[in-house]
Protein chains: 2
Amino acid sequence: MISGKFAITIHILTLLTKYPNDFLSSEYIAGSINLNPVLVRKEIANLKAHHIVESKEGKNGGTKLSVDPSKITLKEIFEMTFETINLGYAKNQPNPDCPVGKKINQNLSSLYADMNQKVSLQLEGISLEDFSNQF
Amino acid sequence: MISGKFAITIHILTLLTKYPNDFLSSEYIAGSINLNPVLVRKEIANLKAHHIVESKEGKNGGTKLSVDPSKITLKEIFEMTFETINLGYAKNQPNPDCPVGKKINQNLSSLYADMNQKVSLQLEGISLEDFSNQF
DNA sequence: TACATTTGTAACATATTTTATTACAGTATG
DNA sequence: CATACTGTAATAAAATATGTTACAAATGTA
């Protein structure tokens with residue numbers, strides 16, 4: 001999994017929104033992000049799985065948006081990248097004999113769930129078109 | 001830097017809140033978190049720098065809260081751990097000749113700033129005491 | 001048809017970040 | 001003065017993220 005997936009994905013989608021009629025190659029996109037084309041293709045594979053872009057193989061191939069950028073929000077993009085807001089958990093099984101250790105992850109989970117809800121509400125209000133218009 | 005700093009710090013502070021009259025050793029705290037005591041001491045060093053805990057060296061030493069847990073909020077704790085909500089940036093200098101590459105980080109920054117504001121508002125409403133009372 | 005170009009994907013390599021360990025000087029307690 | 005702590009640096013190990021190479025399959029075009 002790529003972290004910073006969201007940032008990369010937004011970058012890709014913004015480019016596709018700017019050139020809605022062209023199939024952009026992963027090489028071209030990678031040139032704008034300054035990232036390895038293979039990583040770009042991996043993120044595109046994810047977007048394809050969510051049916052928001054389509055690719056054409058072979059010569060003059062590439063990728064283009066397959067949805068209306070005014071119809072998709074940053075919240076959906078956020079969710080497509082499998083990202084969630086969280087500030088970490090106790091990774092090493094905390095001590096179950098300690099009242100705090102026993103419940104810490106559960107309580108953090110519920111805190112993070114609330115954080116995600118707040119952020120989702122915000123992201124829901126921003127369409128890909130809105131975001132792209134800033135450029 | 002420790003990631004999951006927030007989670008570790010909250011864990012430490014919750015324990016200290018539960019035993020407000022004792023100096024807890026880093027070994028004891030590490031036992032609840034199931035983490036290396038040195039890492040616990042590093043996080044405590046940070047808390048000390050923010051004057052919210054105090055430590056005693058030597059035999060029977062340890063750490064205790066030095067503030068009223070009803071007076072400190074998760075927002076302050078969040079900020080003490082130097083964490084911010086962000087979903088990544090273009091790390092490799094994106095292409096400045098591309099209108100998107102040129103502004104992507106700036107636009108992401110501003111998006112993330114809004115996210116942080118939303119989250120901060122939420123965390124501001126939860127005191128350390130509130131959080132600890134869940135255990 | 002043959003060639004060039006591009007996606008799709010796997011396998012592997014490198015770099016970065018996190019987490020853990022070891023070590024030991026300094027400090028308080030009894 | 002022995003013991004049990006903190007404080008901190010140096011180092012090691014593990015985990016994660018990112019980059020590279022390679023190549024099959026697809027597709028447009030000369």
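Lettering of chains follows the sequences in order, A, B, ..., and the numbering in each one begins at 1.
One can place CG of A:D22 at 14 Å from P of C:dT7, the figure rounded to the nearest angstrom. Separating the CD atom of B:E27 from the P atom of C:dT21 is a distance of 12 Å, rounded to the nearest angstrom. Between A:E54 atom CD and C:dT6 atom C1' the separation is 16 Å, expressed in whole Å. Atom P of nucleotide D:dA14 and atom CG of B:L35 are separated by 16 Å, given to the nearest angstrom. Distance A:K42 NZ to D:dT20 P: 12 Å, rounded to the nearest Å. In this structure, B:K5 places its NZ atom 10 Å from P of C:dT19, rounding to the nearest Å. One atom, NZ of A:K59, and another, P of C:dC3, lie 13 Å apart when rounded to the nearest Å. In this structure, A:N36 atom CG and C:dT7 atom P are separated by 13 Å, rounded to whole Å.
Residue pairs satisfying the side-chain hydrogen bond (donor to acceptor under 3.5 Å, both in side chains) criterion with at least one member in residues 53-67 of chain B, sequence neighbours excluded, are listed as follows: B:S55-B:T63.
No more than 12 heavy atoms of other residues, nucleotides or ligands shown are found within 6.0 angstrom of CD on A:E27. Atom CD of A:Q117 has 12 or fewer heavy atoms from other residues, nucleotides or ligands within 6.0 Å.
At D:dT27, none of the side-chain N or O atoms of A:N60 fall inside 4.0 Å of OP1 or OP2 (strictly under the cut-off).
The side chain of B:V38 lies closest to D:dT8 when the candidates are D:dT8, C:dA20, D:dT6. Set against D:dT6, D:dT8, C:dT29, the side chain of B:S55 has D:dT6 as its closest nucleotide.
Nucleic acid contact class of B:S26 (heavy atoms, under 4.0 Å, all strands): sugar-phosphate only.
The residue among A:E57 and B:T63 whose nearest nucleotide of DNA chain D is located toward the 5' end is B:T63.
We find that A:K5 and A:E43 are joined by a salt bridge, their nearest charged nitrogen and carboxylate oxygen being less than 4.0 Å apart.
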